[in-house]
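The sequence lines fix the lettering, A, B, ..., with proteins before strands; numbering per chain opens at 1. When reading the values below, keep in mind they use all heavy atoms of this one structure, side chains included, and skip hydrogens, waters and symmetry mates.
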There are 2 protein chains.
Amino acid sequence: MIASSAEQLKQLTLAFERFTRRFKVTEATAAMSNSLNALDVQALLFIDDHPGCKLSDVARHLQVAPTTMSSSTDRLVRRGMIERQRPETNRRTVALTLTQAGKDTVAGYMEGYHDACSAMLEPLDPAERADFVRLTLKIAQHET
Amino acid sequence: MIASSAEQLKQLTLAFERFTRRFKVTEATAAMSNSLNALDVQALLFIDDHPGCKLSDVARHLQVAPTTMSSSTDRLVRRGMIERQRPETNRRTVALTLTQAGKDTVAGYMEGYHDACSAMLEPLDPAERADFVRLTLKIAQHET
DNA sequence: ATTGATAATACGATATTCGTATAATTTAAG
DNA sequence: CTTAAATTATACGAATATCGTATTATCAAT
C-alpha cells in the first residue's frame, strides 16, 4: 500500500517528534551527570561545531539573551570546559573554544547520541540500514 | 562505495545531532510565542501522547523531580492548557488531560515539526521519500 | 576628535528547579 | 478492623537561571 504524500508527511512528523523527545531525554540524563544545564550543553555542542565563534553567535543560534549566554559562558569557563579569548582583530568580541575537558565532555554526549542511533538502526536489516543512512545523509548535507 | 557499519553509524549520529538541535530551536521559538518554557512544552507533548496519564508518569519520562512537575502542572493549568483530575480508582494520583486550548497549542507545535519535516524531504525524489518514511516508521514503531 | 554603533558584562528583578517536610490516600500486616 | 508502611502529590524555602537595563570597552565613520 502506498500512502499519500500528505499522510506520509504526517506520519514522519509524529516519528520525528518522538525521536527528538527521546534524544532530549538522553541528553538531559547525560547533562545531569556533568551537572550542566540544558543551555550549557547546547552551547558546548555549538562551540564544538564552530570553534572560535563569538559569544553573540552562540546567543543568536540558541535564541537566548546575550546576558544569558554570558552567564552560561561564565559557568562553562569555571568548570574548565571552554576558554574565552579576545581576538586582536576585534577586541570587543570574545572567541570561544573548547578545552580538552570540553572536548571530552562533548565526546561523552556524542556517545549517548551514538547509542541512541545504534538502537534506532536495530529493527532494520542491513540493506535497509544502508538506505536509511544514505537518505539521512542526503538530507543532512542539504541543510548546510 | 559502501561505507562500513561503524562509519555509517558515526555519520548517522552527526546527522541526528544536527536534526535534534534544529528541532529544538524550532521548538524554543514556538514556545516563546506562547511564553511556555521548555519543560512545559515537553509535558504538553507527552500528555497529548498519553491522555489521562499520572503526574508522576510525566515526571519520570522527562527526568525531573515530582515537585518540578507539580509546578509545571500549576503553570499549564493556570494557562488553561491542561486539566487535573482525581480518578475515583486512585485518589492519590492526578490524571492530566489537554484542554481544547492545549490541543490547539500542541497542533501549533506539530505544525512547526511538520514544516521542518517537509523541508527535510525536499532534497529527496519521490521514491526516496517513500523509502525514508517507510524506514522511519519502522524504527518509530519499534520504539513503542 | 567626536559621535554613533557594536559586543560583552554587572547587577537586580523575576521565575524555575529541587530537596525536605507534610497531607491524603491506598495497601499490607497483625 | 486497626495500624503501620508505602505511594502520590503538594507547600515551602533555598539555590540557581534567565532576562532587561545600565555600563564599559572597542571599533567605525564623519
Expressed as a whole number of angstroms, how long is the span from [X]:[atom1] to [N]:[atom2]?
| X | N | atom1 | atom2 | answer |
| --- | --- | --- | --- | --- |
| N37(B) | dT16(D) | CG | C1' | 14 Å |
| Q85(A) | dA8(C) | CD | P | 14 Å |
| L96(A) | dA7(C) | CG | C1' | 12 Å |
| E88(A) | dC27(D) | CD | C1' | 13 Å |
| Q42(A) | dA17(D) | CD | C1' | 16 Å |
| N90(A) | dA7(C) | CG | P | 7 Å |
| L36(A) | dT17(C) | CG | P | 17 Å |
| Q63(A) | dC19(D) | CD | C1' | 15 Å |

Specify the residues of residues 67-83 of chain A, ordered by number, for which at least one heavy atom lies under 4.0 angstrom from an atom of DNA chain C. T67(A), S70(A)

If you take any heavy atom closer than 4.0 Å to DNA chain C, which residues from residues 43-59 of chain A end up in contact? K54(A), L55(A), S56(A)

From dT9(C), dA7(C), dT10(D), nucleotide with atom closest to V94(B) side chain: dT10(D)

Of the listed nucleotides (dT26(D), dT16(C), dT7(D)), which one gets closest to any side-chain atom of R92(B)? dT7(D)

Looking at T105(B) and A101(B), would you say the former's side chain and the latter's main chain have a donor-acceptor pair under 3.5 Å? yes

Quick one: does R129(B)'s side chain have a donor or acceptor within less than 3.5 Å of a partner on L124(B)'s backbone? yes

Note, L76(B) side chain near L36(B) side chain (heavy atom, < 4.5 Å): yes

Check whether any side-chain heavy atom of F46(A) sits under 4.5 Å from a side-chain heavy atom of L96(A), and report yes or no. no

Classify the ring geometry between F16(A) and F19(A) as parallel (under 30°), tilted (30 to 60°) or perpendicular (over 60°). perpendicular

Is the count of non-hydrogen atoms from other residues, nucleotides or ligands lying under 6.0 Å from K10(A) atom NZ greater than 12? no

Under 4.0 angstrom, heavy atoms only, what part of the nucleic acid is R84(A) near: base, sugar-phosphate, or nothing? sugar-phosphate

Residue closer to the 5' end of DNA chain D, P87(A) versus V64(A) (nearest nucleotide): V64(A)

From the list T67(B), N37(B), D40(B), side chain to side chain donor-acceptor pair (under 3.5 Å) with S72(B) holds only for D40(B)

Between R18(A) and D49(B), does any NZ, NE, NH1 or NH2 come within less than 4.0 Å of an OD or OE carboxylate oxygen? yes

Return yes if a side-chain donor-acceptor contact under 3.5 Å exists between S35(B) and R79(B), otherwise no. yes

